[in-house]
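Below, all heavy atoms of this structure are taken into account, side chains as well, without hydrogens, waters or symmetry copies. Atoms within each ligand, like the ligands themselves, are counted from 1 in listed order. For clarity, every value in this text was computed on a predicted model and none was experimentally measured.
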Amino acid sequence: MVFLKMADVILLVTCSIREKAEQTIWNRLRQLKALKTKRPRSRVPLRIGILGCMAERLKGEILNREKMVDLLAGPDAYRDLPRLLAVVESGQQAANVLLSLDETYADIMPVQTSPSATSAFVSIMRGCDNMCSYCIVPFTRGRERSRPVASILDEVRKLSEQGVKEVTLLGQNVNSFRDNSEVQFNNAVSTNLSRGFTTNYKTKQGGLRFSHLLDQVSRIDPEMRIRFTSPHPKDFPDEVLQLIQERHNICKQIHLPAQSGSNRVLDAMRRGYSREAYVALVHHIRDCIPGVSLSSDFITGFCGETEDDHLQTVSLLREVQYNTGFLFAYSMRQKTRAYHRLKDDVPEEVKLRRLEELITVFREEASKANETSVGHTQLVLVEGFSKRSSTDLCGRNDANLKVVFPDAEVEDVTNSGQKVRAQPGDYVLVKITSASSQTLKGHVLCRTTMKDSSVYCLT
Ligand code: 5AD
Ligand code: SF4
């Protein structure tokens with residue numbers, strides 16, 4: 001609140017994916033309105049802006065409804081912010097909610113606000129063409145477009161020079177990445193489409209694909225961990241799986257959003273695969289990448305979901321035994337296919353009860369899956385002190401699971417066994433002694449590097 005009181009301009013970055021995300025913004029706006037009205041006349045007036053998907057979805061409606069809002073900028077209009085702010089400065093409201101076919105912010109290098117940050121996100125593509133029937137993303141973020149490979153590699157190189165140890169490649173559909181800005185070459189990369197996956201749109205041809213990008217990114221710094229999110233199950237060709245298996249610095253962790261375990265619901269959601277195709281993909285991934293960690297997204301109470309459909313989702317959770325899960329109650333969004341053609345007929349309390357049931361099953365299965373780490377030695381990237389105790393350090397393993405361990409003096413195996421204390425950004429080996437559904441605990445053995453650790457982590 002202190003910083004808010006000092007600010008002359010407050011820009012809220014917003015999300016529209018569920019009603020709840022928007023509700024949070026309306027509540028925040030109410031607080032900011034109070035701040036704006038209480039502002040002494042001696043100071044410049046406080047300006048409030050809404051950026052991102054809510055600006056895109058509601059457009060002028062926000063300006064009419066919230067007279068306190070001065071500025072609106074959709075997800076593709078951030079370059080226009082200086083002009084919009086100048087208009088606002090002159091006392092008028094300003095808006096730009098135009099969606100673009102090619103904006104990827106490729107030449108804009110984000111500033112790391114925390115110089116000691118060990119991890120960074122790198123945006124590689126924007127938008128989505130999938131048109132799942134429940135999802136507003138294609139309407140707020142626009143058409144799928146990929147950022148040129150060269151510009152992504154440039155950003156990752158800079159992050160490596162700054163000491164960043166983990167990069168997550170980010171986008172709505174990262175593995176559908178296709179950079180057509182480079183010289184076209186004959187692209188013989190396979191897809192999953194032969195394995196029972198279909199798309200709601202015409203597949204694009206040519207260009208540099210995700211496997212190429214992943215390969216190039218992972219070669220920049222062998223001590224930098226590479227992750228990616230969020231992918232779609234339809235785009236996991238063997239080239240990508242092989243690369244994840246082979247490259248020691250690409251984390252063996254895959255997010256595989258299923259959304260439902262019922263074929264009837266998957267069909268209504270227009271996900272483009274059946275439960276059987278999805279499960280076959282899970283087996284294929286586990287065959288290609290032994291020990292891979294899997295996570296997923298699920299929606300409860302989608303239009304027409306019966307108790308039997310819900311039980312099929314429960315059984316999918318049991319069958320796959322994910323390590324991590326992201327679970328949501330369905331929230332009807334305007335403009336989507338479901339809004340126009342289906343009925344939001346599952347009562348709120350039933351959606352929430354099913355959500356609770358899924359959370360319980362997820363936790364049980366994740367606990368069992370994580371239990372298999374106990375007794376093993378894992379490579380952990382240290383993030384800092386644990387939130388709960390200043391005598392414990394906290395970091396993440398390859399599977400992106402939180403690992404907590406006492407802060408102790410350890411040998412640095414890469415520096416002739418010198419005694420050190422682990423710092424954020426260091427890799428350490430941790431012997432895992434206990435596991436829950438969300439966290440592992442253990443004790444630290446030594447400080448190391450990713451390269452040296454491959455010798456020890458086989459135990
Ligand atoms: N209601 C609830 N959850 C949704 N998601 C997307 N749209 C909706 C919606 N209308 C979830 C999906 C997606 C994740 C990012 O958000 O599970 O994978
Ligand atoms: Fe939304 Fe993801 Fe489906 Fe795209 S693939 S429409 S972002 S749920």
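The S331 neighbourhood of ligand 1 comprises atoms 1 (N), 2 (C), 9 (C), 10 (N), with distances under 4.0 Å to a heavy atom of that residue. For ligand 2, the atoms sitting less than 4.0 Å from at least one non-hydrogen atom of N173 are 4 (Fe), 5 (S), numbered in the order shown with element in parentheses. Within ligand 1, counting atoms from 1 as listed, the ones closer than 4.0 Å to a heavy atom of Q259 are 12 (C), 13 (C), 17 (O), 18 (O). Against a heavy-atom cut-off of under 4.0 Å, M131 is close to the following atoms of ligand 2: 6 (S). Near R271, with a cut-off below 4.0 Å to any heavy atom, the atoms of ligand 2 are 3 (Fe), 8 (S). Close contacts of ligand 1 with I299, meaning ligand atoms under 4.0 Å from a residue heavy atom, involve 3 (N), 4 (C), 5 (N), 12 (C), 17 (O).
Using the six-membered ring where Trp is involved, Y273 and F197 have ring planes that are tilted, between 30° and 60° apart.
Residue, atom and distance of the protein heavy atom nearest to atom 5 (S) of ligand 2 are N130 ND2, 3.2 Å. Of the protein's heavy atoms, C132 SG, 2.3 Å lies nearest to atom 3 (Fe) of ligand 2. Atom 8 (S) of ligand 2 has its closest protein heavy atom at Y134 OH, 3.3 Å. For atom 1 (Fe) of ligand 2, the closest non-hydrogen atom on the protein side is C135 SG, 2.3 Å. For atom 5 (N) of ligand 1, the closest non-hydrogen atom on the protein side is R18 NH1, 3.4 Å. Scanning the protein heavy atoms around atom 4 (Fe) of ligand 2, the nearest turns out to be C128 SG, 2.3 Å.
Here the two rings, on F298 and F326, have centers that are 6.0 Å apart or farther. Between F362 and Y322, the ring centre distance stays below 6.0 Å.
Contacts between S230 and ligand 1, counted as non-hydrogen atom pairs separated by less than 4.0 Å, are absent for every part of the residue. At a 4.0 Å heavy-atom cut-off, ligand 2 touches P138 through the side chain alone.
Annotation for K441: atom NZ does not count as buried by contact number, only 12 or fewer foreign heavy atoms lying within 6.0 Å. Heavy-atom neighbours of K20 NZ from other residues, nucleotides or ligands within 6.0 Å: at or below the threshold of 12.
Judged by distance alone, the side chains of D392 and S386 never bring a donor and an acceptor atom under 3.5 Å apart. A donor atom on one side chain and an acceptor atom on the other are not found under 3.5 Å apart for D179 and S146. A donor-acceptor contact closer than 3.5 angstrom links the side chains of D297 and H255.
With a cut-off of 2.8 Å, atom 3 (Fe) of ligand 2 has no N, O or S atom of H232 in range.
Evaluated by nearest non-hydrogen atom to atom 7 (N) of ligand 1, the leading choice among F328, F298, Y134, Y330 is Y134. When the options T336, D344, T229, D297 are ranked by their closest heavy atom to atom 15 (C) of ligand 1, first place goes to D297.
The only option from R225, E166, M450 that meets the side-chain contact (heavy atoms from CB on, under 4.5 Å) definition with N249 turns out to be M450. Screening R270, Q259, R337, R18 for a side chain to side chain donor-acceptor pair (under 3.5 Å) with Y134, the sole residue that qualifies is Q259.
Geometric assessment of R333 against the ring of Y339 yields a negative cation-pi assignment under the 6.0 Å and 45° thresholds.
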